[in-house]
There are 2 protein chains.
Amino acid sequence: MARPARLTKTGLAEKLSPVFERYGYDGASLSMLAAATGLSKASLYHHFPRGKEDMALYALAHAGARLQKLILAPLAGKDDPRDRLEASLAGTGRYYGGDIPHCLMNSLLLGEGRVLFADRIATAVTAWRQGLMAALSDSGVLGAEADSWAREMIERIQGALVLCRVSGTREPLETCLDALISELPLS
Amino acid sequence: MARPARLTKTGLAEKLSPVFERYGYDGASLSMLAAATGLSKASLYHHFPRGKEDMALYALAHAGARLQKLILAPLAGKDDPRDRLEASLAGTGRYYGGDIPHCLMNSLLLGEGRVLFADRIATAVTAWRQGLMAALSDSGVLGAEADSWAREMIERIQGALVLCRVSGTREPLETCLDALISELPLS
DNA sequence: GTCTATACACCGATAGAC
DNA sequence: GTCTATCGGTGTATAGAC
């Protein structure tokens with residue numbers, strides 16, 4: 001495989017994301033972001049000339065790539081639809097890692113971040129929903145029911161993530177994912 | 001009824017809440033909060049001597065009172081449990097008002113706000129969950145099922161609120177509340 | 001590509017007049 | 001109880017040496 005530069009944008013985005021996840025766009029300061037990367041504020045501007053907005057965009061791009069890999073790709077195969085849905089939900093548990101899982105797209109929806117990133121986030125959520133719908137349809141669930149199930153799955157996962165922040169644990173998410181698997185409307 | 005002072009703490013909390021809801025604790029600046037109340041920053045400190053933290057606490061107290069009135073009180077009557085649950089869900093729709101509904105307790109769970117307010121928020125969520133459980137139990141739903149239904153209802157409502165911020169509309173919340181009413185596990 | 005030093009606006013908070 | 005004026009600190013962002 002190609003040897004990557006020691007400091008890739010992807011590598012930086014990986015370190016920036018947790019700050020945006022925990023503090024939101026307004027709450028994430030350049031001092032925090034610099035500390036998280038191990039660079040100075042000035043060096044961050046070398047990599048992200050347009051400043052904090054650029055950094056959040058790269059964090060979002062990184063989140064989108066992980067969404068694709070861990071959640072959407074498993075949905076798209078040609079295996080048994082039940083296996084695909086279960087694999088995607090398992091991937092969802094890995095996507096939302098950490099002792100207190102956070103959703104970057106949720107955190108960026110407050111304050112100034114909503115103005116800047118709502119379109120991009122809506123696109124990602126739509127892709128997620130359509131991926132779920134497709135797998136549900138493949139399993140024989142009728143169109144309208146597949147639609148409402150896909151919506152409900154994302155709704156419950158996002159709600160569980162809120163409850164994780166309330167309780168300070170991963171437990172609501174794990175319980176939710178288990179419940180979703182057992183309630184899948186499949187034959 | 002007693003004549004209230006022209007500027008009550010409750011009246012101020014009502015004006016402060018939308019700012020904390022939309023921007024979170026870190027993102028809400030004193031300039032915004034002053035503008036929202038029509039007071040100067042110095043006057044805000046007269047009413048809330050400990051500054052922004054005090055203001056957020058009063059906003060939380062105001063939210064707690066509204067939760068009690070619109071969501072919890074309807075659950076606690078002696079009417080038919082189905083009527084109580086439906087009344088509470090209708091109250092939930094009013095509690096989360098506005099063109100893009102926001103949840104103060106959710107918004108305060110980011111950044112510094114989580115450190116300061118997580119305990120208080122967890123207490124409110126627990127009360128909500130127990131109120132739902134009690135009404136479900138009264139309707140004959142078994143303990144374990146009442147517990148998981150109460151959890152799922154809050155989870156879905158919170159998730160729907162996230163999707164409202166994604167789409168910029170009330171529609172996910174309204175759809176969720178309608179679905180919950182029609183799916184209530186009652187006789 | 002990294003850094004130190006710095007610019008200037010805004011932050012939360014306070015002093016003190018009215 | 002409200003205000004203007006101001007404090008010290010931090011915010012984002014830039015200049016320029018190495």
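All values below come from the heavy atoms of this structure, side chains included, with hydrogens, waters and symmetry mates left out. Numbers restart at 1 for each chain; the letters A, B, ... are given by sequence-line order, proteins then strands.
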Side chain to side chain contact (heavy atoms under 4.5 Å, CB included) partners for B/Ala122, two or more places apart: A/Val166
Sorted by chain and number, sequence neighbours left out, salt bridge (charged side-chain N to carboxylate O under 4.0 Å, His left out) with B/Glu152 holds for A/Arg156, B/Arg156
Residue pairs involving residues 54-78 of chain A (criterion salt bridge (Lys or Arg N to Asp or Glu O under 4.0 Å); sequence neighbours excluded): A/Arg50-A/Asp54
Salt bridge (charged side-chain N to carboxylate O under 4.0 Å, His left out) against A/Arg22, all qualifying residues, sequence neighbours excluded: none
Once salt bridge (Lys or Arg N to Asp or Glu O under 4.0 Å) is applied, what residue pairs with a partner in residues 126-139 of chain B remain, sequence neighbours excluded? B/Arg84-B/Asp138, B/Arg129-B/Asp147
Looking at B/Arg120 and B/Glu53, does any basic side-chain N land under 4.0 Å from a carboxylate oxygen? no
Looking at B/Ser43, does any N or O in its side chain come under 4.0 Å of the phosphate oxygens OP1/OP2 on D/dG1? no
Scan residues 105-119 of chain B for pairs that pass salt bridge (Lys or Arg N to Asp or Glu O under 4.0 Å), counting only residues two or more places apart or in two chains. none
OP1 or OP2 of C/dT2 less than 4.0 angstrom from a side-chain nitrogen or oxygen of A/Ser40, does that happen here? no
For residues 138-178 of chain B, which residue pairs qualify under ring pair (Phe, Tyr, Trp, His ring centres under 6.0 Å), counting only residues two or more places apart or in two chains? none
Between P on D/dG11 and CD on B/Glu112, what's the gap in Å once rounded to a whole number? 12 Å
For DNA chain D, which residues of residues 25-39 of chain A approach it to below 4.0 angstrom with any heavy atom? A/Ala28, A/Ser29, A/Leu30, A/Ser31
Pairwise ring pair (Phe, Tyr, Trp, His ring centres under 6.0 Å) hits with a residue in residues 24-51 of chain B, at least two apart: B/Tyr25-B/Phe117, B/Phe48-B/Tyr58
For nucleotides 5-9 of chain C, which of its nitrogen or oxygen atoms have a protein nitrogen or oxygen under 3.5 Å away, and what is each distance?
none

Could I get the full list of salt bridge (charged side-chain N to carboxylate O under 4.0 Å, His left out) partners for B/Asp26, not counting sequence neighbours? none
Residues in residues 45-53 of chain A with a heavy atom under 4.0 Å of DNA chain C, by number, are A/His46, A/His47
